[in-house]
Structure formats: C-alpha cells, structure tokens
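Basis for what follows: all heavy atoms, side chains included, without hydrogens, waters or symmetry-related copies. Throughout, a chain's letter reflects where its sequence line sits, starting with A, and its residues are numbered from 1.
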Amino acid sequence: ADQTILNTSYDIARELFATYNPVFRKHWEEKTGQTVEIKQSHAGSSKQARSILQGLPADVVTFNQVTDVQILADRGKLVAEDWKDKLPNNSSPYYSTTAFLVRKGNPKNIHDWGDLVKDDVALVFPNPKTSGNGRYTYLAAYGYAQDQFGKDATEQQNSFLKTFLGNVSVFDTGGRGATTTFVERGIGDVLITFESEVNNIRQQYGADDYEVVVPKTSILAEFPVAVVERNAKKNGTLDVSTEYLSYLYSEESQRLLASFNYRVHNDTVKAEVADRFPEVKLLTVEEIAGGWPNAMKDIFANGKQLDQLQRR
Amino acid sequence: MPSSLSVASAKPRHKRVLPGFGLSLGSSLFFISLILLLPMTGLVMQTADMGWSEYWYVITDERVVASYKVTIWAALIASVFNGVFGLLLAWVLVRYEFPGKRILDALVDLPFALPTAVAGITLATLYAENGWYGELLAQWGIKVAYTPLGIIVAMSFTSIPFVVRTVQPVLEELSPEEEEAGITLGASDWSVFQRIIMPSLWPALVTGVALSFTRSLGEFGAVIFIAGNMPYVSEITSLMIFVRLQEFDFPAASAIASVVLIASLVLLFAINIWQGRYLKRLHGR
Amino acid sequence: MASGQRHQQRVGDRPAVKYTLIGITLVLTALLLVVPLISIFEQAFVDGLAVYWDSLGDPDTLHAIGLTLFVALLTVPINLFFGVLLAWSVTRFEFPGRKLMMTLMDIPFAVSPVVAGLLYLLLYGNNGWIGEWLYEHDLQLMFAWPGIVMVTVFVTCPFVARELIPLMQQQGREDEEAAVILGASGWQLFRRVTLPNIKWALLYGVILTNARAVGEFGAVSVVSGNIRGETNTLPLHIQLLYEDYQATAAFASASLLALIALITLIFKAFIEWRQERAEQLH
Amino acid sequence: MSIRLENISKTFGQFQALSPMSLNIDEGEMIGLLGPSGSGKTTLLRIIAGLEGANSGRIQFGDRDVTNQHVRDRHVGFVFQNYALFRHMTVADNVAFGLEVMDAKQRPNKTEIQHRVKHLLEMVQLGHLANRYPSQLSGGQKQRIALARALATKPDVLLLDEPFGALDAKVRKELRRWLRSLHDEIGFTSVFVTHDQEEALELSDRVVVMSNGHIEQIDEPAQLYAQPNSRFVFDFLGNVNVFEGKLTQSRLHNHNAWITAPSSDVPMNSGQLYIRSHELSLHTEASKIANLPLKVVAVNPIGAEVRVELAPHEWQSEQIWEADLTHSEYDRNPVKRGEIVYAEPRNGYFFRENSHQAPEQVSWQSRSLDETVK
Amino acid sequence: MSIRLENISKTFGQFQALSPMSLNIDEGEMIGLLGPSGSGKTTLLRIIAGLEGANSGRIQFGDRDVTNQHVRDRHVGFVFQNYALFRHMTVADNVAFGLEVMDAKQRPNKTEIQHRVKHLLEMVQLGHLANRYPSQLSGGQKQRIALARALATKPDVLLLDEPFGALDAKVRKELRRWLRSLHDEIGFTSVFVTHDQEEALELSDRVVVMSNGHIEQIDEPAQLYAQPNSRFVFDFLGNVNVFEGKLTQSRLHNHNAWITAPSSDVPMNSGQLYIRSHELSLHTEASKIANLPLKVVAVNPIGAEVRVELAPHEWQSEQIWEADLTHSEYDRNPVKRGEIVYAEPRNGYFFRENSHQAPEQVSWQSRSLDETVK
Ligand SMILES: Nc1ncnc2c1ncn2[C@@H]1O[C@H](COP(=O)(O)OP(=O)(O)OP(=O)(O)O)[C@@H](O)[C@H]1O
Ligand SMILES: Nc1ncnc2c1ncn2[C@@H]1O[C@H](COP(=O)(O)OP(=O)(O)OP(=O)(O)O)[C@@H](O)[C@H]1O
Ligand SMILES: [Mg+2]
Ligand SMILES: [Mg+2]
C-alpha cells in the first residue's frame, strides 16, 4: 500500500470499521489512485486515549466519548483545539442514545425512566466510573430527573437517582460485560445501554427473548471522530486521515452506519430507516450538565455527585 | 626477618572459588535494576509529584479504604483456602500413587496459563445463578457470582499453583524417619501430621500462602467479571486503580498501586526473614 | 499363617485416609479446575466444529497466535538466562543484600499486572523521560512488540529462579568445587556439572514461564496498543473478540491457549515420567 | 519381653531382601545384628518394629502375636540411625513427645510428664541441655537424646539402628558402655544393628551375623569368635590371614611356601587355612612347622601390640598379611621394614576345598585348644 | 612438592575457626590431621586447597607462593568427604573429567585420555565398573573412584577429607593400605583429615592433632603416642585411665586408693596420672606400688587381648577404667565379673595440677622407659 493509517477506535466497533475500511479504500483509490492500508486498534476508548497520549501512533480516532478526544487536545496537543468544528455535527458522523433492553413480554412493564425506580426492578448497566456507556446512562437518568422534577428540585432528583443507583445489581466495567451479565447470566430485569448495542444484542442472542424499550426522553450520545494531527503529520498521512473521517458523512457510509444501528444525520438515509429509530427527545450533555468538562468535574470526579449518591 | 613478616601479616586476597561471581551478580543486579527497579521509578516519580497530604488523601479515600477491606478479606480467605486445598493437593501428589496423578499434576498449573479474563468469564459463567454451580448453590441460598464470594473464588482460582508448587518440593524432601519415630512413640497419624510434619512444612506453606495472597491483592482481570463491583461491597483495589486510570489521574493510580506494592513487599520480606530464622533453628547455621 | 501382609508406616497411608484424601482432592480439582476447563471448550464448540475451525483460521487470530508464540520465544530465553545467573549468584555466594535481592525478585508477584504495564508505560511512554528521547529518535518500544516482550519478561521473571534456588541450595556446592579443583573453567563447570544437576528444575521453570508468558493479559494490554494484526496477542485478541460479540470465536481462541498450556504441561509430565524411569533403571 | 520370629521373609519388588529366617530372642537379652552393608539388617529391624511388613512369617512378642499389629500398638522403642530427632522441638519436647501423645486416660499429667522428662534427661546426663534444639547438639548428645526419647514410654523392646554409626571412637566407646549399663539396669530386650564387629562382640549377649539376607550364624560373642562356621563369618570378624594350599605329603603348598599339618588326627586336605593375626609369630628363618617367607611392609608399634604388615614373598595370597605381636615378642625380634621374615602359626582354622562345612580347628601348639579359645 | 603454611588463620563471622598456625610439610610426606568434630580440620584442608580463603598468612607450594592463587591454578587433588562424584556421569567420565577440561594445548587426545582412564581404573582395581553410574557403586568403590578422579591430572598434592569416614572396618582397612601403597609408589605429598586416632597413627608419616582451631601437637605417630604433650592429646589418642590424686607422703591419694611415686628422681606433686590400658596389670591384692581396688564390670576375651572393664571401688574416677591383658596374663589370673581386683600400673604419664606443661613419664618397672615406649 502507498499509505498506511491507524484508526484507533472503541472496542465494539471492530465489525463496523472492518466493513467501512474496504469501502473507503475503494473510494480513496478512485479519488487519488493511491492504495491505502488501514490498521485498526480496538479497546475501551479511555484506554485508547491514554495509549495515544503515551505514544500509540494513531492517525485518526473514532471514539464513543467526547472527553476522550478532548483529552488528546488538552493534554498532548495531539488533536487540534477546535477539532469539534473540523467536521459537521460536532465532528460526530453518527450518534446514538441510551435505551432499555427488557426480557420477553416486558414482565416488569418498563416504559420509561420512572419505571426503573420501582422496588422490584433490578438494573444492569456498566459502571459510570469506568465506562463511557455508564456515564451516558447516568446522565440520561439525571436528565430525565431534571425534566421530570424541574431543574431545581435537587432533593427529588437526588432521591430518584439514589434509588436508581440502588436498583443496580451488577456494575460491570464495560458495556459488553453488562450485556453478558444481563443476557447470559440472566441477572436483572433491565439492561441500560446504547440503542445501537441493544440491537446488536438482539441480533446476537436472538430477537425473540428480549424487547427494546426506547424511553421518551434520553440523551444524545455522540460518537466523535478526529485526526490525530501530530501523528498524522509525522507520518505524512494528514490528507488520507482527514478524508477517512470526512467520508463517514457520505451517503454510502451513513447507510452503512445505520445498518449497524447507529442514528445518522444524512436525511436520505434517515428517511430510509425511520421505522427502526423511534422519535425520542434527546437531551444533550450541555443541557444536562453544562458540557462534558463540567459533568466530569461536578458529577463523576472523586467524591462528587455520583460518589455522594452511592455512599452508604 | 622483618620483610617476610610483613608479607605474612598482609591480608591475603582470596579469589572466590566458584567462577562467575562478578558475571552472575553483575547480570543479576543489572537485570533486577533494569527490569524490576527502573520501572518502579515511574511509580515513585508519579507519586512524588503529589504532596504528602494529597497522597494521604488519595489513599485514604473512603471508597478506596472500603476496597482495601474487601480485597484484603477476600485475598485472605482465598489464600487460606488455597493453603488448605494446596496442601491437600501437594500431599496427594507427593504421597500417593493413583491413576491420573500426572494429569492432576499438570492441571495445577492451568490457572497460570489461562488469561485472567478468560478465567473470570468462565468462572462467572459457572457460578451465575443460571450456571452449573450457581443453580446448585442457589438451592441452598448461596450466591457466589456478583458477591464478595465471587471475588474469593476468582482469587483462589488464579493463585492456587503458588501454594502447591512451593509446598510440593519440601514435602518430597521430608525424611520418613521423623514420621516413623513419631509413630513408634505411639503417636496417632493425626498427631504425627500436626506435630511433626506441619512444623517442617510451615515455612514453605506460609511462603506459598503469602505469594498467593499478594497475587490475589493485585488480581484484576479474573475478579471484575465475577465481582459485581458494587460500591463499598464488592469493589476491589485494582478496580480503584483502574478507575483512576480511566480518569487519566496517573498520580492517584500510582499512589494506590504503591500502597498495595509496599504492603506486599513488606509482607514478603518479613516472611523471608522469619523463614530464615525458623530454618536456622532447624538446621543450625 | 499370615502372609503378604503390609503395614502402613507412613502417615496417611491407611487406605481409608488415603482414598478419602485422594477422593476429596479429585472432587475439588474437578470442581475447581477441570469443570472451568470443560466449560471453556463447551463454549468454544457450541456452534459446532466448523465454526470452531473457521474462527481459528481467521487471519487476525492466526497472527495473534504467531505473535504470542514469538513473544514467548523471546521471553523464555531471556528469563532463562537471567534466572540461572540470579540463582547462581544467590545460592553460590554470600554477599550483603542477598535476602533483599531475593525479595526484590518477587516484585512481579506482588505487582498487579495492570500496574506493571502502567509502570513500563510511564517510563517508556511519550511522557516518560526515556520515552521522550525514544520518540525523538523514532524508536517505538511501547505499542509495538518490544514493549510486549518487556512487560512479559517482567511478569514472568521470577519463575526460573524460584524453581532453581531451593534445588541449588539443597544440592550444595561440593560438586562444583570438585570440578574447579579438577581444573574446569566456568563454562565447562556449568555445562558439564551444574546443568545436568538442575536440568529438570530448569525445564520446569521454563514451562511455567512459557505458560505465564503465553497467557499474560493485564500487563500486555496496557502497552500493546491493541492494533489488530500487529500488536494483538492471543489473550488480547480473545478479549477483543469477546467484546465484539464473537463469544464463540473468543472461547475457541481461549481453548487454544488452554490447549497450549496443557500440551506443555503434559510434555513436562512426560519428561518427568521418563526421568523417573531412567532413574529406576540405574 | 521375649521376641520370636518365625520364617520371616521380605522382598522389595523382585529383590529378596530377607530369605525366610527364624530367630528367638529371650527376655532381657541384647542382640547385635552384624553384617556388611546391604545384608538386610535394617530391614529385619524394621520388620520387628512393624515399620515394614514381612511377606511371610509370624512375629511374637512374649505371648502376643504382633504380626498384624500396627507399629503404634507394638510398643517398641526405636532409635534411628541418624537419630531422627524432631528438629523443631527442644530436647525436652522431643523426650516428652511419646508421653504427650498417649491416650488421654493413660497420659500422665503435665507435671508428671515434666518430672519424667527431667529424670530421663538426667539419666542420659544431659539435664542441662533441656531447652536446646537438636541442631545445637553434638552427635553423641543427639544419640543420647534419641535414646531417652525412645525410653520415655518405657517400652519392653528397644531397637537401635546403627546407634553409634557416626560418632568418633572415644564417644562411641563411652556410649556403648553407657547403653550396656542402662540395658542391664532397666532390663528391656534390645536388638541393635551394627557393621562394626568389635561393637557387636563387645556389646551383645548374642550376635546374629547376616549376609545377603541370610542369617549366617547366631552365637554368643566368644563362641562366634572361637567357632565361626563359615568363611564369611571368619572374614567378617576381621584380621585374618588366608593361606591357600594344595596338600602334598601332609604339607599344604603354595608355590614355595608350605605349612605342615599339625597332627595326623586332623585329616587334612587341599583348602584354605585361616590364621588370625595374633596367632602368628615371626622368626628369622623357616621352622619345622611352616615355611612362610614374608616381606615386612610396615611396622606399627603403637598400643598394646605391635602390628606388622607383611607381603607374601614368592608365593600368592589375595591380601596383605598382618601379624599382631606383643611388645615382648617384638623386642625379642624387632623386625624392620623391607626385611624378609618367616611366620609360624600357632592356631588356625581349616576350610576344605569345595566344601561348605564349618572349618576344623587346627593347632600347632602344645597348649590345648580350649584354653586358647576361651 | 613441599607445603609451607605461615600464620594461617580463619574466622567465620565472629567465630575463630583457626587461630594463627604454621605448618611445614615435606615433599612426599603423608600428613594426618586428627581432631574431634569442629576442631577445624576441614577448614584447614580447604584453605590448603584454596577452596576457602585464609584471613591472614601465607601458603607456599615448593617455591611457589600460592596464597593468592585460585584453586584451579594450585593443581591439587581433592577427595571430598562424601566423594562428590558427578552423579550424571559414568565412572569413566568422572575420572576423565579432569583431563577433558584441560586447555586444548595441554589436553591429551581422545585415545590417550581413554588410555589413561583405563589405567587409573585398573590401578584402583575397578576397571570392570567403567560404565556404571555412581549411584550403582558401594561406598568403598565410590571412594576409590573419587581417588582415581583426583589423581587423573597427576597433582603433586593430594588432599583428602575423611576419606574412609563412612565405610566398614574391613573395607576401611583395605583402602587404607591401598592408599598408603599408592602414596609410596607415586610419591605425591598428601594431607588427610580423620577423627579416628588409629587411622591417623597407622597411616601418616606425621600427625597433626588439632583442637578448637589450634594445633595441639605435630609429631610422628610413635613419638606422638610416646610423648603426648597435653591432656587433650592423651585423651584423644584413647584408651587411657586417669587417676586424680593428692600427694601425701610420696603417695598420690584418692579416697582410699593410692599410688606411690615410682622413684624420688621424679618430683611428684598433686595431679593426674594417666595410665594406658595395656600398662595395667591386675592382681588379687594391693601391692607396694599401688592400692587401686576396682570392680570388674565386663570381661571380653576376644582377639589378641582380653579387655577388662573396671569400676573404681570406693574411690572416684570420671570414667570406667579399662585394662587390656594378654591372654597369658589373663590365664594366670582369670578375673570374673563382679570380683574386686587390684590394679598395678607399669608406666604412666603425670600431669601436675594447675599446669599446662607436657607430662612427665613415670615408670614402676625395672625395664627402661625407652624400650617400653619405642
Ligand atoms: N524400600 C526398598 N526398596 C527396594 N530395595 C530396598 C528397600 N529397602 C532396602 N532395600 C534393599 O534391601 C537390601 C537390604 O537393605 P538394608 O537396608 O536392610 O541393609 P543394611 O544391612 O541395613 O545395610 P546398611 O549397613 O548399608 O544400612 C539392600 O540391598 C537394599 O538395597
Ligand atoms: N562456612 C562456615 N560458616 C560458619 N562457621 C563455619 C563454617 N565452616 C565451618 N565453620 C565452623 O568452623 C569450625 C570448624 O569447622 P570444620 O568443618 O573445619 O571442623 P572439622 O574439624 O572438619 O569437624 P568435623 O570432624 O565435624 O568435620 C566448626 O565449629 C564449624 O561450625
Ligand atoms: Mg541399615
Ligand atoms: Mg570436617
């Protein structure tokens, strides 16, 4: 190959990019006549960010955590300060939201966040401390509470969240672990995870045993992408890297992304798959917690809101 | 003759008899420094960045302290269980002949070879309430997976070879005569075991249990899949380190890691010294 | 007239005790070690043999197997070499700090593998003082195979020495002194007198080192970078497959690891058996 | 307590360690098992103790058939070759062990045990070492502690495996005496193993000589010495010179050397003449009795006797000869290294060629045989 | 090659294993290091070999100062106490080892090595065992192989640590003779360690008696036996009876027992009289020379002499006495167990109370001292 780039991505995107890469390779060859080889690295996105900071020579990142890209800009000046503005939609070619997976027939009758704090409902979702997925879940619940009880009703919000956290049976460290716990170990009544993953699970474990419930309010989970400019420059792959990310916005790519159960921005594709993605009121992190940096600082940091609510 | 006197009184330089002192000690020091100690400087430098009070604050965080308790208790129970089971395994492997002994011997090392995550997932599969063991145990009202009990199971699985492999050689070396002496004096098998065999096994057994204990303190992969990771209940210290890493807080992660490391080293060193004393009593010099 | 009677003079040789203990051990081992092993294979074969073979034939899996063996192939000789020297210096000479050295040797047992990986990362990663120098000279240690080898060496380094030290202490240095008096040089001494005496322990150390090197996950995962087809070792690959909802493929690979381990261990048992037989012959 | 072994045999795998043998030991007797390495001494002792099971045969202690009894119930004292003291226990604890593990109903109380231990330690003259560990004791001290431990439970039978094996001559001798007096005082029946003929002869009431898993001879020491009934026993009891000769004209010939048959009433034949080293005298020329030219190899005038080593001169013998002279004999004829001397036997034992019978005693002296042999 | 030790001393940590000592060994001499356990014999031997470094002092082999030379370069043969044969090599390979590890330029070629090994094995009479492994040999055989191995490189100095320690009396004696003849034949200088006085006296040209890291005495065997210069040496050489008495009226008294001073030219004093066991005669009543009533404890009429054990009767001695009688002496007065007899010394050695001087020889015989002592 004329050029080689390394795409560093979150752990469950292996299949996705394994499908996207040949598409892009063809596109790039048509466009420039050059061949490109794309290497993939998959692991938890925080860990990936850490690795890049310590020298993993990634050219592009495709994460499921805005903070993890941001840290590359903040700590290592590896990514442009204004990376969010480099590509449309906050540099998020696709997005998803937090949804529920319940057992067949929805025996506990779960329809929205409010149903999750019932006494006899056991929840499974990954640990917000270790997993982006978990943080989204927590923020979504928080957003619902704000929505429900009013922005200032801190006490009610807290008591809701406390019960919500108290209903958790198992805190796995990652989304996949939580899934296994729920599906294979048969623990819990509701698995809370990304909508995209919920569909994955149904494909993997059979559509019949589980039902997806998408709550009326939820959170906008963006899947940010960025070029690691310092590395790309060093490797001389800036152009192809940029194109690798831009091309994710093409109609062909968006269709591909939708087929992996992600929500996309391209209107044509959106219309095609509308039946699969019910309307939801999507709150942004900005709206719920004043943006990721604040969320991390005020909610997830050591001893802050989450810790306080979890205290015995 | 003054000249010969002065020669005679000069302290002779004695060359070491066996070759390779310089080479072996040099390489060992080099190896230990490069592979073991140099990386430790990373830990030291990370923690040195924070002040003492901050260090103290990080390592005494309420949730972290809770995790110490869980981890230490679980590791303690797991290593004590391993002490008993490992001793039994070693005993059976050394003392008896039976079909399948070699396979049993080989199986002992299995936990070393399996990636810890695989071990964790597999154990979780077995002990979950819909797993082979979980179902059985559920009838008795015992839950293992996703409780502190699960932590113990995972820890003891990953560290059992330490006990077996340290006790086994010592048991093999044990002379039959002391035992026979005990029996001719009229002692029952149990008193011989307890009063004659065990005192000779203690050093090895304690070392094995200590190694198993320290390994359990540090275990992560196998435990998190089965622990449930509930705050204050089933969060282990390694998870706390992992959380700090996820938060990109390297100094805090290093600080907590240093607590575990120092505790382990102190324990091992103390045991080395104790063992030296104990053996000295048995062997004279 | 009594004939052919046997007495049980060693403790625990009474059949009741013996078979109870063997029974308990076998049951416990079956429950604690064998069933998990079976469970791995069961999950590997849920979808049938064809799927099993397919998942092992995947190029990424093949590469991961190759890389894992390559790492083990480098790690084992390094640790063998230094392990022997370490054991030699500790058992054959008296010097201040000997006890300390023996404790330091156990550091890898005391350090959580993830922390071990982190230590290396902090030192050789871009933020470390060595790392910066390495970056400037375009030397990629971390997130490439050298880093993987380094942490694997770290994690497995005590095994050889730990196997050798008790044996060499017990054997004493008289044989070697005899050889020196007869004029043997250092190398001759080692090859012709020491090595034949310690070869079984050495082999055992190698097998443990190998088992652990092949199976190491935590430390390697920190420094590997997880680049598919490049720095993914088999344990990492298993993790990846699992995360990616390819449980069957993951367990197929895991079963392969278990198999590698079992084969080396059975190989060990075989060699021990041959040794015993040889001993009985003379 | 008397001990009765009937047809005891033992094999290890294919190897016959003991051929069927019987042995009766009287109450209060002290029996020495003597034999070269590998002759089965330890095996026999362990079978008596019950530490090893016999393949066939029966063992009785007094009237009690103990064949199928466990070691524990045979109630014997056993002293191991290398002492087998419990390394992690003090001397006092070692001695107390046998008492402390007794059944609760038989066990003396704490102070009683302490008292007994103290007494035993004083008996072995080591009261001051009660709190030491075995590793801090010398060989002789260890040995005594091992004995005290074995005696603590007042066994009727005491078995000792090479009790003085690793000690130096002085300590050995002391302990030997001490054991003998203890034996006579307490009156237990004892069996001990040794490969030292002097020890066996000096210490035992009767000696059992073993070789290759057989009993070669059982006799009182003096009897054994006077009438060894095989070449093996003779050889093993030591210090013997062998003259192998062909009978011609009532002389035994070996090349140029010869010895006359002492008198016609001993029907001599070709065969081997065994002569103990103190039954030789040395002369400057051949006598009527014998022509045994020997070259003096070494002279060792130390102690009660002068030991002269001699190499056969112009005739053949497998081994160097040795003559033990009294100082006065030596003074009469002070031989020097390198000299040729002529030996003359006083008494000897004759083994016929190709025969496994007991030897015939021959004497060239006027003094009657009985007296010499006593 | 002669060996010269000057002011050699050695400490292990705080413990002084050897106090500064000097020793000259002539070329071709055979020296025995004799002493009780822990007296530093092995340490001294290892220092000569270079296996241990001395803390001070100088060692010369011939004209060569080897103090700072490595073991390898000292070119000595060393036979270890427990042989230290290479377990995984055959007998032949063991013997060949020293030759095979020589520098390429010095090393004999393959066939030459084979030849030499064969020769050596024949020399130790074990040619037929060339292909066995050490574990298949008996103790005596191992010992010889260890010797052959040490001799293979033709060392000028041969050092042996308790070469006959673990063997039985018969084998021991045989090997002893064999070693002596080998020594005389090849002519190396040898130093061997033993704790057996008989062995030391019989085998060595000179004996070095050690105790507590000191050299007590260096002398030829006969001289050592005749003139031990300290209580320690006397005691250690064995079979000695001690009479401790106060001088009153030219008699040494101990309770009711007494011994007269032999003649006025020996200025006697209170002190200890050492009498060897063959220097005693037994009588039915006290004589003018001595009144030493003793009770016969045991009579052992075996071998060249009759050994009688005696307990002091109404006086005090730390140990049992022993008298070695010739058969004719015994026949004249055949004492019985339990009888009271009166001993009379012939020769003795007198150690003054509170003095560390060499003893004075005393004799009650008409025969001159020189003759007795020879
Ligand atoms: N457990 C065993 N297995 C096989 N052979 C044995 C065993 N114990 C003893 N033997 C063999 O039986 C024979 C007699 O052994 P035993 O120990 O009784 O000899 P011993 O007379 O005590 O010799 P030593 O003086 O060397 O102690 C020896 O040839 C020995 O090798
Ligand atoms: N490496 C050592 N460290 C400390 N002490 C030692 C060492 N080697 C010997 N000693 C001590 O030095 C003294 C002399 O020991 P050495 O081995 O020379 O005695 P030995 O005369 O050979 O005794 P034995 O007859 O028991 O072999 C002993 O008290 C011994 O404990
Ligand atoms: Mg024996
Ligand atoms: Mg010694």
Side-chain angles (χ1 to χ4, degrees), chain A residues 43-54 65 67-68 70-72 74-76 122-132 134-135 165-174 176-178 180-188 296-297 300-304 306-312, chain B residues 42 54 57-64 66-67 117 120-135 138 143-147 150 220-221 223-236 238-253 255-256:
Chain A
S45 82
S46 299
K47 186 173 153 232
Q48 294 290 55
R50 208 158 65 224
S51 297
I52 292 170
L53 282 176
Q54 295 290 0
Q65 284 287 310
T67 41
D68 291 332
Q70 191 59 42
I71 201 136
L72 295 179
D74 295 346
R75 288 237 185 148
L123 308 179
V124 174
F125 64 87
N127 194 340
K129 285 275 185 178
T130 58
S131 153
R135 285 194 276 275
L165 289 170
N167 274 356
V168 176
S169 315
V170 171
F171 269 131
D172 280 292
T173 47
R176 176 63 224 255
T180 310
T181 304
F182 179 75
V183 177
E184 292 194 24
R185 315 277 179 259
I187 306 252
M296 293 308 288
K297 200 162 89 245
F300 299 115
N302 208 9
K304 291 299 160 49
L306 177 67
D307 277 357
Q308 283 161 13
L309 291 176
Q310 285 190 329
R311 186 163 301 158
R312 282 168 298 181
Chain B
E54 200 186 338
Y57 173 77
V58 167
I59 66 170
T60 55
D61 178 83
E62 198 187 346
R63 200 152 154 186
V64 175
S67 83
I121 293 165
T122 307
L123 290 177
T125 311
L126 289 173
Y127 285 96
E129 272 179 58
N130 58 3
W132 295 346
Y133 294 164
E135 242 170 320
K143 278 181 72 173
V144 174
Y146 310 113
T147 67
F220 176 68
V223 174
I224 48 158
F225 284 98
I226 196 176
N229 306 315
M230 300 306 293
Y232 299 100
V233 177
S234 51
E235 278 182 337
I236 56 166
S238 294
L239 179 65
M240 293 292 101
I241 298 173
F242 185 70
V243 167
R244 297 295 174 275
L245 287 179
Q246 292 298 86
E247 291 166 355
F248 302 95
D249 192 351
F250 294 163
I256 300 174

Against chain A, work out which of B:T125, B:I224, B:I121 has the most heavy-atom pairs shorter than 4.5 Å and name it. B:T125
Which bit of B:A124 comes within less than 4.5 Å of chain A, counting heavy atoms only: side chain, backbone, both or neither? both
Heavy-atom nearest pair, B:E247 first then A:F300, reads OE2-O, 3.9 Å
Any residue meeting ring pair (Phe, Tyr, Trp, His ring centres under 6.0 Å) with B:Y133, in chain and number order, not counting sequence neighbours: B:Y127
Region of A:Q48 in contact with chain B, defined by heavy-atom distances below 4.5 Å: neither
Enter the distance from A:T130:OG1 to B:R244:CZ here, rounded to the nearest 0.5 Å. 12.0 Å
Look up atom OG1 in A:T181 and atom OH in B:Y146, then write down how far apart they are to the nearest 0.5 Å. 3.5 Å
d(B:N229 CG, A:N127 CG) to nearest 0.5 Å is 6.5 Å
Residue set satisfying side-chain contact (heavy atoms from CB on, under 4.5 Å) with A:S46, at least two apart, ordered chain then number -> A:D68, A:R135, B:Q246, B:F248
B:L239, B:V243, B:V58: which one forms the most heavy-atom pairs within less than 4.5 Å of chain A? B:V243
For B:S234, which atoms come within 4.5 Å of any heavy atom of chain A: side chain, backbone, both, or neither? neither
Top residue by heavy-atom pair count (under 4.5 Å) with chain B, among A:R185, A:R75, A:M296? A:R185
Would you say the side chain of B:E235 lies within less than 4.5 Å of the side chain of A:F171, judging by non-hydrogen atoms? no
Value for CZ (B:F242) from NZ (A:K129), rounded to nearest 0.5 Å, stands at 13.5 Å
B:D61 CG to A:N302 CG distance, which is reported to the nearest 0.5 Å: 4.5 Å
